[in-house]
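Please read the structure below before turning to the comments.
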There are 2 protein chains.
Amino acid sequence: MRDILTSTPIESCPVRQILTDVGDKWSILILIALSGGPRRFSALRRDIPDISQKMLTQTLRKLERDGLVSREVTPSTPPRVDYDLTALGASLMHQITPLAGWAVRHLDEITAARRRFDWSSTSG
Amino acid sequence: MRDILTSTPIESCPVRQILTDVGDKWSILILIALSGGPRRFSALRRDIPDISQKMLTQTLRKLERDGLVSREVTPSTPPRVDYDLTALGASLMHQITPLAGWAVRHLDEITAARRRFDWSSTSG
DNA sequence: GAAGCTAGGTATCAATTACGCTCTTGGTAT
DNA sequence: ATACCAAGAGCGTAATTGATACCTAGCTTC
């Protein structure tokens with residue numbers, strides 16, 4: 001595993017690429033929403049109430065560019081745009097799911113560690 | 001899976017928390033480096049040549065705060081600081097490893113998708 | 001005894017991204 | 001008039017990262 005560090009230039013470390021890519025504020029939330037099946041733009045806004053219109057558009061574009069999400073426009077009035085996971089996106093989500101399980105199981109530990117750390121820096 | 005979106009406030013989605021946490025520029029590189037065993041500060045700098053001293057310190061502090069990395073100071077002269085994965089950090093890396101495998105297998109596809117996307121926006 | 005080395009870290013400043021808010025577009029239906 | 005649906009533009013702020021200089025404590029060297 002560590003040979004990733006020396007054998008490849010830092011920039012192209014594959015794990016880092018996908019983690020920084022999907023590690024922004026909204027990407028996984030969108031991918032999770034789409035795991036339930038194809039959704040329209042406005043449905044995604046309802047699924048993720050805190051996201052702004054701009055960030056939803058922007059993040060969807062990025063995921064589309066990466067080939068993780070497909071975008072199908074129906075030029076009706078009002079316009080209709082359906083988003084869905086591609087096969088690649090679905091296969092990524094199969095990797096994310098166990099990670100999500102780990103996160104759910106261990107988030108308490110991380111939170112506790114943070115409290116310990118913050119407490120001992122303040123008063124110790 | 002999608003019930004994460006509605007059942008929990010956005011802020012506390014566990015998957016998002018760890019992905020945004022570990023999704024910054026340097027965290028995984030450090031975690032990968034430490035999977036090879038405990039390392040001193042200066043050894044980590046050599047492992048990850050592009051990282052600045054500031055970012056290495058800063059990221060290590062964050063990982064320590066999260067309970068993923070341990071930090072042991074030997075107050076000699078010159079001082080000596082050893083970093084290592086905690087049990088929690090090691091268990092996280094067991095989840096990251098399969099994701100890393102996926103990344104290695106599919107990065108070409110993502111790169112190709114990006115090229116297609118960029119090409120069709122330019123000339124199509 | 002002043003200068004410089006070491007390993008780890010801090011402080012400061014600048015540049016770059018990321019993100020959010022608000023306004024605009026364009027046909028249609030209420 | 002007003003709202004809908006998807007999206008783009010412009011502007012401002014917050015967060016992230018990088019460059020540089022400085023600090024600590026003992027040790028060597030001139």
Side-chain angles (χ1 to χ4, degrees), chain A residues 9-11 13 16-30 33-34 38-66 69-84 117 120-122, chain B residues 9-11 13 16-30 33-34 38-66 69-84 117 120-122:
Chain A
I10 284 298
E11 295 306 328
C13 167
R16 193 174 82 146
Q17 289 217 19
I18 63 136
L19 278 180
T20 53
D21 198 53
V22 156
D24 66 3
K25 197 169 179 183
W26 303 111
S27 290
I28 350 94
L29 290 181
I30 294 177
L34 290 177
R39 312 283 286 165
R40 298 183 57 178
F41 187 88
S42 47
L44 288 170
R45 286 197 74 178
R46 282 189 294 274
D47 289 338
I48 313 170
D50 288 1
I51 199 171
S52 70
Q53 202 172 22
K54 177 183 173 179
M55 289 314 296
L56 181 54
T57 301
Q58 202 175 101
T59 310
L60 280 168
R61 280 294 174 290
K62 188 197 62 179
L63 295 174
E64 188 197 357
R65 187 173 106 100
D66 290 343
V69 160
S70 67
R71 175 171 183 271
E72 189 187 356
V73 183
T74 309
S76 55
T77 35
R80 174 196 177 93
V81 182
D82 291 89
Y83 293 93
D84 197 1
F117 186 91
S120 61
S121 344
T122 315
Chain B
I10 283 297
E11 296 305 327
C13 167
R16 195 175 81 146
Q17 288 218 18
I18 64 134
L19 278 180
T20 53
D21 198 54
V22 157
D24 66 4
K25 197 169 179 182
W26 302 110
S27 290
I28 350 93
L29 290 181
I30 293 177
L34 289 176
R39 310 285 284 167
R40 298 183 57 176
F41 187 89
S42 46
L44 288 171
R45 284 198 76 175
R46 281 190 294 275
D47 289 339
I48 311 169
D50 288 1
I51 199 171
S52 70
Q53 196 175 25
K54 175 188 171 177
M55 289 314 296
L56 182 53
T57 300
Q58 201 175 104
T59 310
L60 281 168
R61 282 292 175 291
K62 188 198 62 180
L63 296 174
E64 188 197 355
R65 188 173 105 98
D66 290 343
V69 160
S70 67
R71 177 172 183 268
E72 188 187 357
V73 182
T74 307
S76 55
T77 35
R80 174 197 176 93
V81 182
D82 292 87
Y83 292 93
D84 197 0
F117 186 92
S120 62
S121 342
T122 315

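A note on names: the letters A, B, ... follow the listed sequences, proteins ahead of strands, and every chain is numbered from 1.
Only one option out of B:D47, B:D84, B:D82 pairs with B:R39 in a salt bridge (Lys or Arg N to Asp or Glu O under 4.0 Å); it is B:D47. Screening A:R71, A:E64, A:E72 against A:Y83 for a side chain to side chain contact (heavy atoms under 4.5 Å, CB included) leaves a single residue, A:R71. Checked against B:S27 for a side chain to side chain contact (heavy atoms under 4.5 Å, CB included), the options B:T59, B:V69, B:D66, B:D21 give a single hit: B:T59.
Using a 4.0 Å heavy-atom criterion, one finds that B:R61 contacts the sugar-phosphate atoms exclusively. Nucleic acid contact for A:Q53: base, since at least one base atom lies under 4.0 Å from a heavy atom of the residue. Across all strands, A:R45 comes closer than 4.0 Å to no nucleic acid atom at all (heavy-atom distances). Using a 4.0 Å heavy-atom criterion, one finds that A:T57 contacts the sugar-phosphate atoms exclusively.
Between D:dA6 and A:S42, a contact under 4.0 Å exists linking OP1 or OP2 to a side-chain N or O. Considering only side-chain N and O atoms, B:R40 lies under 4.0 angstrom from the phosphate OP1 or OP2 of C:dG8. Taking 4.0 angstrom as the limit, B:R80 places none of its side-chain polar atoms (N or O) nearer than this to OP1 or OP2 of C:dG8. Contact annotation: B:R71 reaches the phosphate of C:dG9 (side-chain N/O to OP1 or OP2, under 4.0 Å). An OP1 or OP2 oxygen of D:dA7 is reached within less than 4.0 angstrom by a side-chain nitrogen or oxygen of A:Y83. Proximity of B:T77 to the phosphate of D:dT24: no side-chain N or O atom is located under 4.0 Å from OP1 or OP2.
Considering only the side chain of A:M55, C:dG20 comes nearest among D:dG26, C:dG20, D:dC5. The side chain of B:P78 approaches C:dT6 more closely than any other nucleotide in the set D:dA7, C:dT6, D:dT17. For B:P79, taking side-chain heavy atoms from C-beta onward, the closest of the listed nucleotides C:dG9, D:dG26, C:dG8 is C:dG8.
With contacts defined as side-chain heavy-atom distances shorter than 4.5 Å, the pair B:D50/B:W26 qualifies.
Position along DNA chain D of the nearest nucleotide to A:V81 versus A:K54 favours A:V81 as the more 5'-ward residue.
Taking CD1 from A:I51 and CG from A:L60, the interatomic distance works out to 7.5 Å, rounded to the nearest 0.5 Å.
Per the geometry, CD belonging to A:E72 stands 15 Å off C1' belonging to D:dA6, to the nearest Å.
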